[in-house]
S.K.: 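I have a structure I would like to understand better, so I am pasting it below and will then ask my questions one at a time.
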Amino acid sequence: MAAKIYRPAKTAMQSGKAKTHLWVLEFDQEQPRRIDPILGYTSSGDMKQQVRLTFESQEQAEAYAKREGIEYRVIQPKDPNRQTVSYTDNFRFSRTQPWTH
């Protein structure tokens, strides 16, 4: 039984950062998924894939995994690279491409 501990990134659909401060423990897939031949649904008999535990900190998630004897790996979050772009850069004299509509 193995699991991964990570902090989820913000969704691409919204600008908010809800639930990105929590750490998540998810179990790895133990059984492969199957495709139902009649309906085409994807299913699995592995119930641990449905379990998703949230913690306030990475240390709490690691302590839980150690206490329960769960083999785990930690995936550190990546900080986004933000570029500061100013609206006035569109009209700068040293602009390499001409500004047009």
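Every heavy atom of this structure was used, including side-chain atoms; hydrogens, water molecules and symmetry mates were not. Only a predicted model underlies this, so the values are computations on that prediction, with no experimental measurement involved.
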S.K.: Just jot down the salt bridge (Lys or Arg N to Asp or Glu O under 4.0 Å) partners of Glu26, sequence neighbours excluded, or say none.
M.R.: Arg52

S.K.: List for me each residue that meets ring-ring contact (aromatic ring centres under 6.0 Å, His included) alongside Phe27, sequence neighbours excluded, and say none if there are none.
M.R.: none

S.K.: Can you run down the salt bridge (charged side-chain N to carboxylate O under 4.0 Å, His left out) pairs that involve residues 53-68, sequence neighbours left out, and say none if there aren't any?
M.R.: none

S.K.: Kindly write out the residues that satisfy side-chain hydrogen bond (donor to acceptor under 3.5 Å, both in side chains) with Gln29, not counting sequence neighbours, or none if the list is empty.
M.R.: Gln49

S.K.: Arg33: which residues meet the side-chain hydrogen bond (donor to acceptor under 3.5 Å, both in side chains) condition with it, sequence neighbours left out?
M.R.: none

S.K.: Under the ring-ring contact (aromatic ring centres under 6.0 Å, His included) test, which residues partner Tyr6, sequence neighbours left out?
M.R.: none

S.K.: Who are the side-chain hydrogen bond (donor to acceptor under 3.5 Å, both in side chains) partners of Gln60, not counting sequence neighbours?
M.R.: none

S.K.: By side-chain hydrogen bond (donor to acceptor under 3.5 Å, both in side chains), which residues pair with Arg92, not counting sequence neighbours?
M.R.: Ser94

S.K.: If the condition is salt bridge (Lys or Arg N to Asp or Glu O under 4.0 Å), which residues does Arg34 pass it with, not counting sequence neighbours?
M.R.: none

S.K.: Can you list every pair that meets salt bridge (charged side-chain N to carboxylate O under 4.0 Å, His left out) and has a residue in residues 38-47, with sequence neighbours left out?
M.R.: none

S.K.: Scan for ring-ring contact (aromatic ring centres under 6.0 Å, His included) pairs involving residues 48-74, sequence neighbours excluded, and state none if there are none.
M.R.: Phe55-Tyr64

S.K.: Considering only residues two or more places apart or on different chains, which pairs with a residue in residues 16-25 satisfy salt bridge (charged side-chain N to carboxylate O under 4.0 Å, His left out)?
M.R.: none

